[in-house]
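Nothing here was measured: the structure is a model prediction, and the numbers come from that model. Throughout, protein chains are lettered first and strands after them, A, B, ... in sequence-line order, and every chain is numbered starting at 1.
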Amino acid sequence: MSPRSYTPLEQERLRKIEQMRAQGIEPYPNRAERTHTTRQAIEAFLEAEKQGPDAPTVPATVAGRLRAVRQMGKITFAHIEDEHGRLQLFLRVNELGKERLKFFNKFFDIGDFIQAQGEMFRTRTGEPTLRVHDFKMLAKAITPLPAAKKTKHSPFSDPELRYRQRYADLAVHPEVRQIFRTRAKIVRALRNYLDAHGFLEVETPILQPIYGGAAARPFVTYHNQLKQQLYLRISFELYLKRLLVGMFERVYEIGRDFRNEGISFKHNPEFTQLEFYMAYADYFTVMDFVEDMLRSVAQEVLGGLQFSYQGHTIDLAPRWKRITMRDALLEATGIDIQQHRTLEALNTALREQGHQPPPKPSWGKLLDWMLSTFVEPNLIQPTFVYDYPRDISPLAKSKPGDPQTVERFELFMGGMELGNAFTELNDPLDQEARFLEQGRTYAADDEERHPLDEDYLQAMRYGMPPNGGFGMGIDRLTMLFTDQHSIREVILFPHLRSKADDAQPQRAASSPPEDADADTTRTSEKERL
RNA sequence: GGGCGCAUAGCUCAAUGGAAGAGCAGCGGCCUUUUAAGCCGUUGGUUGCAGGUUCGAGUCCUGCUGCGCCCA
């Protein structure tokens, strides 16, 4: 991408840079000083004020970005902003002299980084303010910040530009910065909880020779020296469960998954996932644990168990609703899936109800379509839907006495799938049979198919303790806790289609995977997120 | 993948098929307590891209690109 040409506004600022350098002033100096953040300066001043009229002055050197400038002849007011807040600067000819004030007015623009030294006082209107004795340019901005001053219209509202230039979005929108602080708190709270419950945090491969643990199309890449095709992981599951074989009893990983699929308000090609596995737990144990974990996270991050999401009040306090998939579908559609145990029968029943089910390769996949179409959007309060069909859950253990149903639940909240869990299949013979079933049910290029991972079977043959596992989308949890409708609002740099004029040169690295038909509502195995 | 919608100055937005505008920002000036400061003056446009209809297109039509919403 070649550098674009400068706009007239930018050319004006480039001229200022030249003129400053001509005066021997470096607009991008190497050193900066700061004794107080804006917040510390104000707090120190308020503290000193308590000592009455004889309080000592509060000297301070602050640094930040100019966000507003009001020139009034021999006085200039300005506001600087740092990460912690804003502070008004008071620049007066009395302290600075005519030349310095003129220099400020001429060369400093909104968006520039500035260092200012002086002492705190109150203006006539009562605002704690720094009376500036000296100042220094720390970094000159060439491109004007969008909507540098507040206007009646909402500033910088074009979502495309906001995502493409997230740095500018963050620079002018403190509320956007707050979302990402909350996101960090959520991750920290999850770690705190899991660490306190005896879990070991681990890191497993992102580049994998065989992808698995979910039903999704992978990104493919290639290691040149090994001459080996590799996949970016679509889940952590198979590696984390190998660790249970290795005698870690409780493990978790928080990291990035990659799925080469559609993009929507709740899908990004790379997203952040939590998965944990607990030896000697089953899916009901995991339900209890997840309920407690997310209450703990909410308490730590939000300070309470209620929050509002898209006009709803979600309450984590009451015991979360638990309903079987069969009952959930019966309630929502009037169809009892136990009375329609084949794909054909279920399709017929749906059509009799006036629905038009899309073609699906199996009974289980049709059930999942029904769930996401008729049930999921209405599950606002936290709800566990459990007992899933076997053919879409090849890593979950069957229910005793009901081999076609597996011990699996999905957690829904705010009308979205948030998490997914099983009593994990630990029988290597059954697991092998499941992989083979997958091969029969789905075409070789169907992304729903789980490729047979012989090394995973080998691990299981050594003996894997019974265990329960759970996966959850951190992005979606952040959407809930920050009341954001779009996943792009909680991902710093979401993927957008590249614009024609900044297309990157093609690199001869890998061939694209076989092209299955795109369908973003596909069922996935673990963490369809 | 389908439907609907949006794309005009740096930002936010106007403009019945008939002279491309406003506010903010910028630039020049006035102003010693402002808070979206105020006042005077002023610069700034290949109306996303490519075609078409028309005496005339920001506006109507077709295609493309990007984004949003809804659906699958």
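Taking the salt bridge (Lys or Arg N to Asp or Glu O under 4.0 Å) definition, one finds that A/K50 meets it with A/E47, sequence neighbours left out. With sequence neighbours left out, the side-chain hydrogen bond (donor to acceptor under 3.5 Å, both in side chains) criterion links A/T324 to A/D327. Legend: residues meeting side-chain hydrogen bond (donor to acceptor under 3.5 Å, both in side chains) with A/T76, ordered by chain and number and at least two apart, are A/N105.
Remark: the A/E127 side chain and the B/U33 base include no donor-acceptor N/O pair separated by less than 3.5 Å. In the interface, the side chain of A/T123 is paired with the base of B/U34 through a donor and an acceptor atom under 3.5 Å apart.
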Distances under 3.5 Å between nitrogen or oxygen atoms of protein and nucleotides 43-48 of chain B:
none

Kindly give the atom pairs (protein nitrogen or oxygen, nucleotide nitrogen or oxygen) under 3.5 Å for nucleotides 2-5 of chain B.
none

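The stretch residues 89-101 of chain A comes close to RNA chain B through A/F90, A/R92, A/V93, A/N94, each having a heavy atom under 4.0 Å from the strand.
Nucleotides B/C13 and B/A25 place their C1' atoms 15 Å apart, quoted to the nearest Å. Across the P atoms, B/A7 and B/U47 are found 15 Å apart, a figure rounded to whole Å. Using C1' as the reference atom, B/U59 and B/U53 are 13 Å apart when rounded to the nearest Å. Atom P of B/C24 sits at a distance of 15 Å from the matching atom of B/U35, rounded to the whole Å. B/C11 and B/G52 are spaced 30 Å apart, taking the P atom of each and rounding to whole Å.
When distances run from any side-chain atom of A/F265 to the nucleotides B/C70, B/A37, B/U35, the shortest one goes to B/C70. Considering only side-chain atoms of A/P358, the nucleotide from B/A25, B/A72, B/C67 that sits closest is B/A72. Side-chain atoms of A/M72 lie closest to B/U34 of the nucleotides B/U34, B/G26, B/U35. Out of B/G10, B/U34, B/G66, the shortest distance to the side chain of A/R497 is found at B/G66.
Listed pair A/H485 / B/C70 meets the phosphate criterion, a side-chain N or O lying under 4.0 Å from OP1 or OP2.
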